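These figures come from a predicted structure and were not determined experimentally.
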Amino acid sequence: MSDVIKNRYDFVILFDVENGNPNGDPDAGNMPRIDPETGYGLVTDVCLKRKIRNYVETAKEDAAGYRIYIKDQVPLQRSDAEALQYLGVDKDLKAAKKDDPALDGKIRDFMCQNFFDIRTFGAVMTTFVKGNLNCGQVRGPVQLGFARSVDPIVPQEVTITRVAITTEADAEKKGTEMGRKYIVPYGLYRAEGYVSANLARKTTGFSEEDLQLLWQAILNMFENDHSAARGKMAVRELIVFKHDSELGNAPAHKLFDAVHVARKEGVAVARGYGDYVVTVDEALPAGVTCTRME
């Protein structure tokens, strides 16, 4: 592992969807998530972190130090048990804590060293929470907010048919079945995130190597996750603000306000990324530099 990061970062992700559903809401028939008051589309932070985890898991293939803690069909207790086994701790965590007052830190360090997503995003590890250990809730240095569309979206409900009938009884009555799916014809979304060097140093050990992998995962988080339901999705640009210090040289909101995304003049309804212009103010606060990645 390389050295722990020493600089704070704030970043903006611009991604778009074409004829797809970027993040369906199961409580609304899997409609694209939307702010009912404004009509702007939403994509949850959980959805984006899932894509990042999936990319890292695909790229690293469970290499040492880059395993994924939050993954499909793998109980969290199974991964938690690895730390206890490594440290020779039995199931009585309260007794083990009395015997070794430094147990919290040892478990946290083991989990952070072995699981990239804990080192990055943090985690709530139920096994250790129930054992009244302070290491059960780890706050990660990388945090993401909800993504919101640049313009209001208009989800469309598309009726579909299929010739594959489910049951023999239905096959005797009809030759096709009806269904539906929701799409967003086009939407450009903006998400904002933060990287805390202070938390990386004090808690998880998030390193320079981890940071480069994070940028790579963000830029490619849709490339190995294509599906018919999500349509055509792509990260168009990643704008990174690097601070010269651990605690930062300017408030994050001022840096985010320096990123402007607007439709080109004369474009009434956007139907592609080329319909937008993205600019970043050149006059940034002292001690802050900007890098634009595509």
Chemist: Can Tyr186 and Asp16 be counted as having a side-chain donor-acceptor contact under 3.5 angstrom?
Modeler: yes

Chemist: Between Tyr55 and Gln216, is there a side-chain donor-acceptor contact under 3.5 Å, judged purely by atom types and distance?
Modeler: yes

Chemist: Kindly determine whether Lys94 and Lys97 satisfy side chain to side chain contact (heavy atoms under 4.5 Å, CB included), including the steps that lead there.
Modeler: CA-CA 5 Å; Lys94 293 182 181 179; Lys97 170 69 174 177; 5.7 Å; no

Chemist: Salt bridge between Arg190 and Glu192, side-chain N to carboxylate O under 4.0 Å?
Modeler: yes

Chemist: Given side chains that start at C-beta, do those of Val150 and Arg263 come closer than 4.5 Å, heavy atoms only?
Modeler: no

Chemist: Does the pair Asp35/Arg148 count as a salt bridge with the N-to-O cut at 4.0 Å?
Modeler: no

Chemist: Can you find a heavy atom in the side chain of Glu209 that is under 4.5 Å from one in the side chain of Leu213?
Modeler: no

Chemist: Is it true that the side chains of Tyr276 and Asp151 contain a donor and an acceptor less than 3.5 Å apart?
Modeler: yes

Chemist: I'd like to check Asn21 versus Pro155 (side-chain heavy atoms, cut-off strictly below 4.5 Å). Are they in contact?
Modeler: no

Chemist: Would you say Asn249's side chain and Asp244's backbone share a donor-acceptor pair under 3.5 angstrom?
Modeler: yes

Chemist: Would you check if Leu199 and Phe206 make a side-chain contact, meaning some heavy-atom pair closer than 4.5 Å?
Modeler: no

Chemist: Just by modelled atom types, is the Ser207 backbone N or O under 3.5 Å from a matching donor or acceptor in the Asp210 side chain?
Modeler: yes

Chemist: Hey, does Met293 have a side-chain heavy atom less than 4.5 Å from the side chain of Leu219?
Modeler: yes

Chemist: With clusters built from Ile, Leu, Val, Met, Phe, Trp and Tyr whose side-chain heavy atoms come within less than 4.5 Å, directly or transitively, what are the remaining members of the cluster of Leu103, listed by chain and number?
Modeler: Tyr69, Ile70, Leu76, Leu84, Tyr86, Leu87, Val89, Leu93, Ile107, Phe110, Met111, Phe115, Ile118, Met125, Phe128, Leu133, Val138

Chemist: Spell out, as yes or no, whether a donor-acceptor pair under 3.5 Å connects the side chain of Arg139 to the backbone of Thr203.
Modeler: no

Chemist: For Lys51, is there any backbone N or O sitting under 3.5 Å from a side-chain donor or acceptor partner on Asp225?
Modeler: no

Chemist: Phe11: what forms a ring pair (Phe, Tyr, Trp, His ring centres under 6.0 Å) with it, not counting sequence neighbours?
Modeler: Trp215

